[in-house]
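Within every chain, numbering begins at 1; the chains are lettered A, B, ... in the order of the sequence lines, protein sequences first and strands thereafter.
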Amino acid sequence: MGLKIFNTLSRKKEPFATEVEGQVRMYVCGPTVYDQAHIGHAMSSIVFDVIRRYLEYRGYQVRHVMNYTDVDDKIIVRARELGQDPIQLAQHFVEQYDRHLQELNILPPSVRPRVSSEIDGIVGMVKGLIEAGHAYRVNGDVYFDVEHDPDYGKLSGRKVEEMLAGARLEIDERKRNPADFALWKAAKPGEPSWDSPWGRGRPGWHIECSAMSRRHLGDQIDIHGGGNDLIFPHHENEIAQTESLTGRQFSRYWVHNGMMQLNGDTMSKSTGNMLPITEFLQQHEADVLRLIVLNSHYRSPLAFSSEIAEAAANGLERLRSAFKPAETSGAGEAGPAEQNLTEAVATTQAEFAAAMDDDFNTPKALGSLFDLVRSINLARDGGAGQPALQAAQQQLRELAGVLGLRLAAGTVPDPRLAALVEMLVEIREELRAAEQWGLADRIRQRLADQDILLEDGKHGTRWRQG
RNA sequence: GGCGACGUAGCCAAGUGGUAAGGCAGGGGUCUGCAAAACCCUUAUGCGCGGGUUCGAAUCCCGCCGUCGCCUCCA
């Protein structure tokens with residue numbers, strides 16, 4: 001049983017085979033940095049982080065490139081509105097997104113290239129396309145000639161002729177074909193621009209990813225990813241450019257995540273229908289967003305709501321419930337409780353891998369984790385000892401880690417707070433011993449009001465922050 | 001108009017021919033001084049609707065209804 005991945009190119013699940021044995025080269029389209037990122041961007045980054053983590057778990061060495069588009073019409077417009085320098089504005093949001101990656105427990109991509117520092121590679125590629133006859137110059141602009149690419153449309157399933165009929169945008173008379181797209185745009189006054197053989201200008205949107213992918217990963221890569229809104233025209237055009245130039249298949253697998261929706265509509269920076277990552281993280285911990293993403297398949301659309309956030313927060317608590325220590329103080333006897341647990345650990349591992357092997361079926365993989373949680377809690381209640389329990393907990397922690405869940409306690413308690421709570425717990429123990437229930441319950445209630453929850457067990461009282 | 005998805009319990013969601021995972025919420029119980037937590041039981045004779053194929057369909061085919069995405073910047 002090997003790993004299978006749904007390839008947008010074939011619209012089928014295909015067995016995963018990399019070009020170079022044991023190595024994965026993965027390029028994922030990152031955000032255009034003209035505004036703060038929303039949880040839809042986070043979803044995409046989380047999805048590909050999980051893919052990367054699982055590939056690494058399976059023993060692949062992964063080189064992961066994620067780009068920042070820091071030269072773009074929208075950035076220029078926004079910068080003008082704010083009276084700022086476009087490159088500096090972009091820099092600000094790049095830094096913010098880098099922080100988000102960290103907060104969301106996303107492994108840092110191996111490389112995070114930006115358009116503004118890759119101009120030479122882009123110019124070189126455009127030059128190559130012109131020389132090979134795939135692109136043509138119109139004044140200071142350069143366009144890709146789709147008629148020169150017999151395969152054009154293979155990713156999105158479109159045909160050049162059909163697109164003409166449905167074309168809603170104004171046709172630029174200077175293009176040979178309305179579907180032709182800009183590789184290089186002549187500079188306008190006040191815009192960032194660079195020298196090129198065609199005069200000063202800046203890259204078109206699609207060429208950057210072709211050039212950066214090629215520079216950092218080579219002519220052929222294993223996985224190219226992004227949101228499914230990028231299939232057309234962005235990824236279609238990337239394929240056209242790269243393959244016209246190299247004569248080789250660009251990416252072996254095209255992987256696209258579904259869109260996150262808010263209020264019944266796709267999140268979009270331009271329409272303002274969005275929930276910024278910053279805002280989400282003010283209300284929830286990062287694992288909550290990750291659990292929301294993991295709970296539905298990455299290719300499906302995901303409708304965000306406060307209800308699912310609450311459900312995910314509660315689900316997280318359940319996962320954490322498995323990490324409570326044994327009820328018995330000794331090593332415990334290898335009774336039926338421990339034996340069942342040992343079996344559960346083995347089946348969980350197998351089920352988890354089988355689910356993930358099937359096009360990263362994270363909802364199913366999560367199911368196996370929840371099953372293990374039940375087994376652990378059951379074994380604890382059944383008197384399993386600490387060593388057996390810890391082995392199972394270790395398994396759970398490892399597999400949750402493959403999904404990027406930290407499962408750490410929500411917040412690290414402040415030592416002074418901990419000392420105070422423990423003092424109150426101690427006093428309350430004495431009150432309980434003296435059957436002073438009224439006072440004991442009052443302490444518990446007042447602490448609960450501060451989100452400090454007391455749980456009286458057989459072997460003393462535990463507390464945690466809610 | 002063109003292309004493509006999707007519609008599974010109160011909610012989220014897996015399942016693509018063999019008789020409905022998992023989570024959240026709800027109900028009952030065990031434990032507990034009472035709680036909480038944990039555990040046990042419970043909540044879809046049915047998977048948008050109507051036909052068809054099959055020994056057998058949520059899963060395949062046809063039609064209908066509904067929701068959404070892309071076709072234009074978008075993760």
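If you take atom P in B:A9 and the same atom in B:U59, they sit 15 Å apart, rounded to whole Å. Remark: the separation of the C1' atoms in B:A57 and B:G17 is 6 Å, to the nearest Å. For B:A37 and B:G27, the P atoms lie 13 Å apart once the distance is rounded to whole Å. Comparing the P positions of B:G28 and B:U43 gives a spacing of 15 Å, expressed to the nearest Å. With both ends at atom P, the span from B:C12 to B:G4 equals 27 Å, rounded to whole Å. Remark: the separation of the C1' atoms in B:U30 and B:G66 is 46 Å, to the nearest Å. Nucleotides B:A44 and B:C70 have their C1' atoms positioned 34 Å apart, rounded to a whole Å. Here the separation of B:G23 from B:A38, taken at their P atoms, is 11 Å to the nearest Å.
Here A:His256 lies out of heavy-atom contact (under 4.0 Å) with every strand. Across all strands shown, A:Asp73 has no heavy atoms under 4.0 Å from either base or sugar-phosphate atoms. Counting any heavy atom pair closer than 4.0 Å across all strands shown, A:Gly30 reaches sugar-phosphate atoms only and no base atom. Using a 4.0 Å heavy-atom criterion, one finds that A:Arg428 contacts the bases of the nucleic acid, with or without backbone contacts as well. As judged by a 4.0 angstrom heavy-atom cut-off over every strand, A:Leu454 is placed among the base-contacting residues.
Taking the 5.5 Å centre cut-off and the 30° plane limit, the aromatic side chain of A:Trp437 is classed as stacked on B:G33.
The side chain of A:Phe370 sits closest to B:G23 out of B:C73, B:A14, B:G23. In the set B:C70, B:A37, B:A75, the nucleotide with an atom closest to the side chain of A:Glu455 is B:A37. The side chain of A:Met259 sits closest to B:A75 out of B:C73, B:A75, B:A13. Comparing B:A35, B:C12, B:C71 by their closest approach to the side chain of A:Pro233 singles out B:C71. Nearest nucleotide to the side chain of A:His41, out of B:A75, B:C68, B:A13: B:A75. Picking from B:A75, B:A14, B:G33 the nucleotide with the shortest atom distance to the side chain of A:Met260 gives B:A75. In the set B:G22, B:A75, B:G33, the nucleotide with an atom closest to the side chain of A:Asp229 is B:A75.
Judged purely by distance below 3.5 Å, without hydrogens or angles, the side chains of A:Asn377 and A:Arg380 pair a donor atom with an acceptor atom. For A:Thr461 and A:Glu455, the side-chain atoms include no donor-acceptor pair closer than 3.5 Å. When only modelled atom types and interatomic distance are considered, A:Gln96 and A:His92 share no side-chain donor-acceptor pair under 3.5 Å.
Between the P atom of B:U72 and the NZ atom of A:Lys175 lies a distance of 10 Å, rounded to the nearest Å. Here B:A75 presents its C1' atom at 13 Å from CD1 of A:Ile51, a figure rounded to the nearest Å. One interatomic measurement links the two molecules: CG of A:Leu291 to P of B:A13, which rounds to 13 Å at whole-angstrom precision. In this structure, A:Phe232 atom CZ and B:G2 atom P are separated by 17 Å, rounded to whole Å. Here B:G33 presents its C1' atom at 7 Å from CD of A:Glu435, a figure rounded to the nearest Å. Atoms CG (A:Leu275) and C1' (B:A75) sit 15 Å apart, rounded to a whole Å. Atom NZ of A:Lys12 is separated from atom P of B:U16 by 17 Å (rounded to the nearest Å). Between the C1' atom of B:G23 and the CD1 atom of A:Ile292 lies a distance of 12 Å, rounded to the nearest Å.
A:Asp456 contributes a side-chain N or O that forms a donor-acceptor pair with the base of B:C34 under 3.5 Å. No donor-acceptor contact under 3.5 Å links the side chain of A:Arg462 to the base of B:A37.
Checking the phosphate oxygens (OP1, OP2) of B:C71, no side-chain nitrogen or oxygen of A:Ser156 falls inside 4.0 Å.
Partners of A:Phe16 under the ring pair (Phe, Tyr, Trp, His ring centres under 6.0 Å) rule, at least two apart in sequence or in another chain, are A:Tyr60, A:Tyr253. Residues passing the ring pair (Phe, Tyr, Trp, His ring centres under 6.0 Å) test with A:His284 are A:Phe280, sequence neighbours excluded. A:Asp180 meets the salt bridge (charged side-chain N to carboxylate O under 4.0 Å, His left out) test with no other residue; sequence neighbours excluded. Judged as a ring pair (Phe, Tyr, Trp, His ring centres under 6.0 Å), and not counting sequence neighbours, the contacts of A:Trp254 are A:His224, A:His235, A:Phe250.
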Please tabulate the protein-to-nucleotide N/O contacts below 3.5 Å involving nucleotides 38-42 of chain B, giving atom names and distances.
unit_1, atom_1, unit_2, atom_2, d
B:A38, O3', A:Asn377, ND2, 3.1
B:A38, O2', A:Asp381, OD1, 3.4
B:A38, O2', A:Asp381, OD2, 2.8
B:C39, OP1, A:Arg318, NH2, 3.1
B:C39, OP1, A:Asn377, ND2, 3.4
B:C39, OP2, A:Arg318, NH1, 3.2
B:C39, O4', A:Asp381, OD2, 3.2
B:C40, OP2, A:Arg374, NE, 3.3

- Task: Quick one: do A:Glu236 and A:Lys154 satisfy salt bridge (charged side-chain N to carboxylate O under 4.0 Å, His left out)? Show the steps, please.
- Result: CA-CA 7 Å; A:Glu236 191 71 74; A:Lys154 69 177 176 186; over 6 Å; no
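Annotation: proximity of residues 306-316 of chain A to RNA chain B (heavy atom, distance under 4.0 Å) is found for A:Ile308, A:Ala311, A:Asn314, A:Gly315, numbered in ascending order.
Taking a pair to require two hydrogen-bonding distances under 3.5 Å in either a Watson-Crick or a G-U wobble arrangement, B:G66 pairs with B:C6.
Using cut-offs of 30° and 60° on the angle between ring planes, the pair A:Tyr68 and A:Tyr97 is perpendicular.
A donor-acceptor pair under 3.5 Å is absent between the side-chain atoms of A:Arg202 and the main chain of A:Lys185, judged by distance alone. A donor-acceptor contact shorter than 3.5 Å is absent between the side chain of A:Ser44 and the backbone of A:His41.
Geometrically, A:Arg397 engages A:Phe323 in a cation-pi contact, judged by NZ or CZ lying under 6.0 Å from the ring centre and within 45° of the ring axis.
Across the interface with RNA chain B, nearest-nucleotide mapping of A:Arg11 and A:Gly226 shows A:Arg11 to be the residue nearer the 5′ end. Position along RNA chain B of the nearest nucleotide to A:Asn361 versus A:Ser44 favours A:Asn361 as the more 5'-ward residue.
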